[in-house]
Protein chains: 2
Amino acid sequence: MADQVTKSPTIYDVARAAGVASSTVSRAFARPGRVNAETAERIRKVAAELGYRTNPLARALPTGRTCLIGLVISDVTNPFYNEIIRGAQAAATEAGYTMLLTDAQESGVKEREALERSVSLVDGIVLASSRMSDSAIRMIAKQRPVIVLNRAVSDVPSVVTDNPRGMRRAVHHLAELGHERITYLAGPEASWADGTRWQALREAVHDVDLHAHRIGPFEPTVAGGAAALADLARHPTSAVIAYNDLMAIGLIRALTTAGARVPDDVSVVGFDNVFAAELVTPALTTVAAPLHAMGQAAVRNLLALARGARPTTHGPVSLPAQLVVRASTAHRRRNSTSPAWGTTRVSGSAARA
Amino acid sequence: MADQVTKSPTIYDVARAAGVASSTVSRAFARPGRVNAETAERIRKVAAELGYRTNPLARALPTGRTCLIGLVISDVTNPFYNEIIRGAQAAATEAGYTMLLTDAQESGVKEREALERSVSLVDGIVLASSRMSDSAIRMIAKQRPVIVLNRAVSDVPSVVTDNPRGMRRAVHHLAELGHERITYLAGPEASWADGTRWQALREAVHDVDLHAHRIGPFEPTVAGGAAALADLARHPTSAVIAYNDLMAIGLIRALTTAGARVPDDVSVVGFDNVFAAELVTPALTTVAAPLHAMGQAAVRNLLALARGARPTTHGPVSLPAQLVVRASTAHRRRNSTSPAWGTTRVSGSAARA
DNA sequence: CCAGGGCCGGCAAGCGGTTGCCAGAAGTCG
DNA sequence: CGACTTCTGGCAACCGCTTGCCGGCCCTGG
């Protein structure tokens with residue numbers, strides 16, 4: 001344990017051992033070609049013997065590049081991010097960057113504090129589902145290259161999923177199954193995705209002549225979805241689209257324990273296609289976001305930005321979403337306009353057949 | 001976007017503006033008390049006006065402390081780590097440290113490479129379910145304080161869950177339900193936890209006079225669990241304990257599609273109590289690891305170590321595990337010694353009642 | 001009234017690299 | 001053969017902050 005005091009060798013040690021100047025050692029590593037091939041080889045050999053490794057910190061000081069990128073996530077606990085993290089990580093590693101992960105714990109304030117402490121450390125930042133205000137984001141985008149993920153902020157490049165298209169597909173699917181009224185379970189109000197999805201739903205629904213109704217907002221969690229049951233019962237529909245999979249799962253569970261059957265009594269569609277979506281019973285029909293690709297795209301774009309590229313397009317980069325049809329959606333049953341599961345009997349307007 | 005060229009102010013800028021020496025500015029922040037209260041106050045005010053923030057990199061160079069800790073995870077995609085990450089993050093933030101997250105992608109080699117690039121950056125490292133060899137771990141423990149999570153390596157402090165106790169509880173639970181033979185679905189061979197669990201199972205089973213049988217190893221994933229079905233069918237038992245929840249879930253699914261009922265035909269117990277465990281149908285009975293606490297404990301111990309504390313005990317810090325009984329375990333049915341679901345009919349030795 | 005001790009601020013030497021500039025050696029060319 | 005490149009290696013000045021050491025000033029006690 002106490003071995004840790006042995007300081008690791010520096011370029012000076014290597015320089016002395018190899019009989020050259022420290023600058024030559026530095027160049028042998030940082031700028032091969034700038035130094036004679038043989039010399040470089042020799043230096044490299046000596047360095048290897050000494051176990052020399054260039055100290056990234058010391059390197060970063062004069063160059064200003066740390067080869068670190070920050071990934072800030074609104075809630076690491078949310079399975080939605082698992083694949084995003086991995087995608088980001090992959091892209092970072094591939095480019096020789098290391099990732100600094102920060103959990104904002106669904107709090108704009110904590111997010112800010114964390115950022116405060118790390119902006120100066122990183123070469124760029126990916127903000128995943130940031131809960132900060134647009135202006136706060138723009139503020140930090142002034143200090144470092146920033147890419148926002150799953151959100152659009154004017155003047156800041158972003159990558160998002162094609163929510164409108166995904167939503168349209170979900171609506172068409174539901175329409176084909178004979179559903180006429182769709183309830184949207186809203187997520188957090190601070191969420192850009194939530195706004196986009198609801199907006200997309202209204203448009204999609206209009207196209208195919210259905211009706212949409214929004215309830216919420218709820219927490220974007222299983223508990224939040226379950227909590228939505230009461231509101232849903234007050235204004236029941238045969239189909240529900242939830243802000244995300246977690247809420248969809250929560251709702252399904254609540255419905256089930258309330259005695260309703262999914263998908264027979266009500267069809268439920270989620271968003272994101274998180275890992276658990278195919279595990280639950282019934283398996284969840286959901287709009288799949290290309291999670292891995294998003295993480296990857298975000299980091300790649302960020303790195304391009306950091307290298308001085310102009311922000312590619314002025315709009316967000318939009319990645320295609322797909323509808324994954326599983327077992328939580330089915331044909332609407334003609335005689336099930338009014339639910340048997342309502343905690344409150346509905347206003348009577350919807351008469352039983 | 002181009003604003004990023006504006007360099008941020010340094011202590012020199014502040015010093016000039018405040019009419020003091022740079023060292024005084026430095027001390028005003030780093031060592032309050034060493035400098036006159038009024039002066040400090042004035043400096044702080046000027047600094048605030050200039051928007052000065054101390055550059056952690058520059059600070060780290062002379063001090064050698066980066067206030068960064070590395071968390072290396074064998075597979076970020078595994079939900080098992082979600083809460084661990086958060087626990088670790090919480091403990092780190094609370095101590096003013098930032099976390100560097102690395103995904104080893106279940107590869108000892110990638111793990112090593114990643115470490116290679118980051119050891120020199122961090123003040124300490126938490127290795128979660130490392131896939132590296134003991135000696136490799138000891139090697140890096142020589143360079144930096146290291147805590148291994150979910151594994152025991154001699155001479156390196158670690159935090160683990162109390163697998164033996166957890167296993168004992170699971171076995172007793174199964175015994176009470178009348179099961180006599182238990183199959184263990186083994187996880188990765190490189191996994192320390194796997195060895196411990198199997199060992200614990202054998203002992204626990206011996207105590208209560210049951211029988212245990214091990215099949216595997218399998219991938220510690222849903223697919224791995226599903227893949228285990230064939231082996232299980234060859235040697236069926238009424239109860240199964242899986243290396244982890246993911247495998248348990250996979251097995252349950254495979255069993256179900258093969259026509260077996262869980263828990264009626266076979267009881268399944270998992271390990272870890274990941275998020276999805278309570279979501280699946282039937283909800284999974286599992287040995288719950290204190291995920292959040294583990295991440296937290298790991299980081300706290302690491303920080304203590306980094307501060308120069310002697311490794312607390314010489315054995316691993318063991319956190320209590322609990323059995324969470326849900327719906328995937330039930331009384332053994334007398335007449336179900338031989339399964340109706342076997343893909344291969346069993347050797348006939350186990351006659352139908 | 002003077003010696004001794006705090007308190008405070010400044011000086012300057014690093015921490016471990018990078019890099020602009022310089023100069024000697026070697027190669028090129030008319 | 002001399003002028004001009006090109007190739008290589010060294011020198012030294014940073015990058016932004018920390019910190020050991022010094023010294024002036026003021027306070028206190030004998």
Side-chain angles (χ1 to χ4, degrees), chain A residues 4-44 46-47 50-68 117-123 143, chain B residues 4-44 46-47 50-68 117-123 143:
Chain A
Q4 282 151 210
V5 292
T6 57
K7 306 204 35 103
S8 43
T10 73
I11 45 169
Y12 297 103
D13 300 319
V14 177
R16 199 176 326 115
V20 296
S22 62
S23 50
T24 308
V25 177
S26 171
R27 284 197 271 254
F29 288 104
R31 212 170 307 286
R34 176 64 178 73
V35 68
N36 183 297
E38 283 175 30
T39 318
E41 183 49 38
R42 184 159 48 88
I43 290 177
R44 221 165 290 133
V46 173
L50 262 52
Y52 168 78
R53 345 217 65 254
T54 120
N55 177 337
L57 243 76
R59 187 213 298 273
L61 196 37
T63 59
R65 295 178 54 250
T66 56
C67 288
L68 245 38
R117 289 193 292 112
S118 59
V119 260
S120 50
L121 263 175
V122 299
D123 290 345
Q143 305 174 50
Chain B
Q4 284 153 210
V5 291
T6 57
K7 305 203 36 99
S8 42
T10 72
I11 46 170
Y12 297 104
D13 300 321
V14 178
R16 199 176 326 116
V20 296
S22 62
S23 50
T24 307
V25 177
S26 171
R27 286 198 269 255
F29 289 103
R31 214 169 305 285
R34 174 64 176 74
V35 69
N36 184 297
E38 283 174 30
T39 318
E41 185 47 41
R42 184 160 45 89
I43 291 178
R44 220 165 290 133
V46 172
L50 261 53
Y52 167 79
R53 343 219 67 252
T54 124
N55 177 338
L57 244 74
R59 187 212 297 271
L61 232 210
T63 59
R65 294 179 55 251
T66 56
C67 287
L68 242 41
R117 288 192 294 111
S118 58
V119 260
S120 50
L121 264 175
V122 300
D123 290 345
Q143 305 174 49

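Chain naming here is simple, since letters A, B, ... match the order of the sequence lines and numbering starts at 1 in each.
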Note to self: Evaluate B/Leu68 against A/Leu121 for side chain to side chain contact (heavy atoms under 4.5 Å, CB included), listing each step before the verdict.
What the structure shows: CA-CA 10 Å; B/Leu68 242 41; A/Leu121 263 175; 3.8 Å; yes

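The side chain of A/Thr24 contributes an N or O atom lying less than 4.0 Å from OP1 or OP2 of D/dG10. The phosphate of D/dC14 (OP1 or OP2) has no side-chain N or O of B/Tyr12 nearer than 4.0 angstrom. Between B/Thr39 and C/dG9 there is a side-chain polar atom (N or O) within less than 4.0 angstrom of OP1 or OP2.
Between B/Glu38 atom CD and C/dC8 atom C1' the separation is 12 Å, expressed in whole Å. Atom CZ in A/Arg65 sits about 19 Å away from atom P in D/dC15, given to the nearest Å. Rounding to whole angstrom units, CZ of residue A/Arg16 and P of D/dG10 are separated by 14 Å. Atom CG of B/Asn36 is separated from atom C1' of C/dC8 by 7 Å (rounded to the nearest Å). Note: CD1 (A/Ile11) to P (C/dG14) measures 15 Å, nearest angstrom. In this structure, B/Leu61 atom CG and C/dA13 atom P are separated by 18 Å, rounded to whole Å. Between the CG atom of A/Asn55 and the P atom of C/dT18 there is a distance of 10 Å, given to the nearest Å. The nearest whole Å value for the distance from the CG atom in A/Leu50 to the P atom in C/dG16 is 14 Å.
The base of C/dG16 is not paired with the side chain of A/Arg53 by any donor and acceptor separated by under 3.5 Å. With hydrogens and angles left out, the side chain of B/Arg27 and the base of C/dG10 share a donor-acceptor pair within 3.5 Å. Residue-to-nucleotide contacts include no donor-acceptor pair under 3.5 Å from the side chain of B/Arg31 to the base of D/dG20. No hydrogens or angles were tested; on distance alone, a donor-acceptor pair under 3.5 Å links the side chain of B/Ser23 to the base of C/dC11.
Across all their heavy atoms, B/Leu57 and A/Thr66 have their closest contact at CD2-CG2, 3.6 Å. Listed here is the closest heavy atom pair of B/Ala17 and B/Leu50: CB-CD2, 4.2 Å.
Of the candidates C/dC8, D/dT18, C/dG17, the closest approach to any side-chain atom of B/Arg59 belongs to D/dT18. Of the listed nucleotides (D/dC22, C/dG17, D/dT19), C/dG17 has the atom at the smallest distance from the side chain of A/Ser26. Counting only heavy atoms from C-beta on, A/Arg34 has its side chain closest to D/dT8 among D/dT8, C/dG16, D/dG16.
Ring centroids of A/Tyr52 and A/Phe29 are separated by less than 6.0 Å, placing the two rings close together.
In this structure, A/Ser22 and A/Val35 both approach DNA chain D, and ranking their closest nucleotides by distance from the 5' end singles out A/Val35.
Using a 4.0 Å heavy-atom distance criterion, A/Val25 is classed as making no nucleic acid contact. Heavy atoms of B/Phe29 sit nowhere under 4.0 angstrom from any nucleic acid atom. Residue contacts shown for A/Ala21 are limited to sugar-phosphate atoms, with no base heavy atom under 4.0 Å away.
Once rounded to the nearest 0.5 Å, the distance linking CZ of B/Arg42 with OG1 of B/Thr24 reads 9.5 Å.
Taking 4.5 Å as the limit, some side-chain heavy atom of B/Pro56 sits within range of a side-chain heavy atom of A/Ser120.
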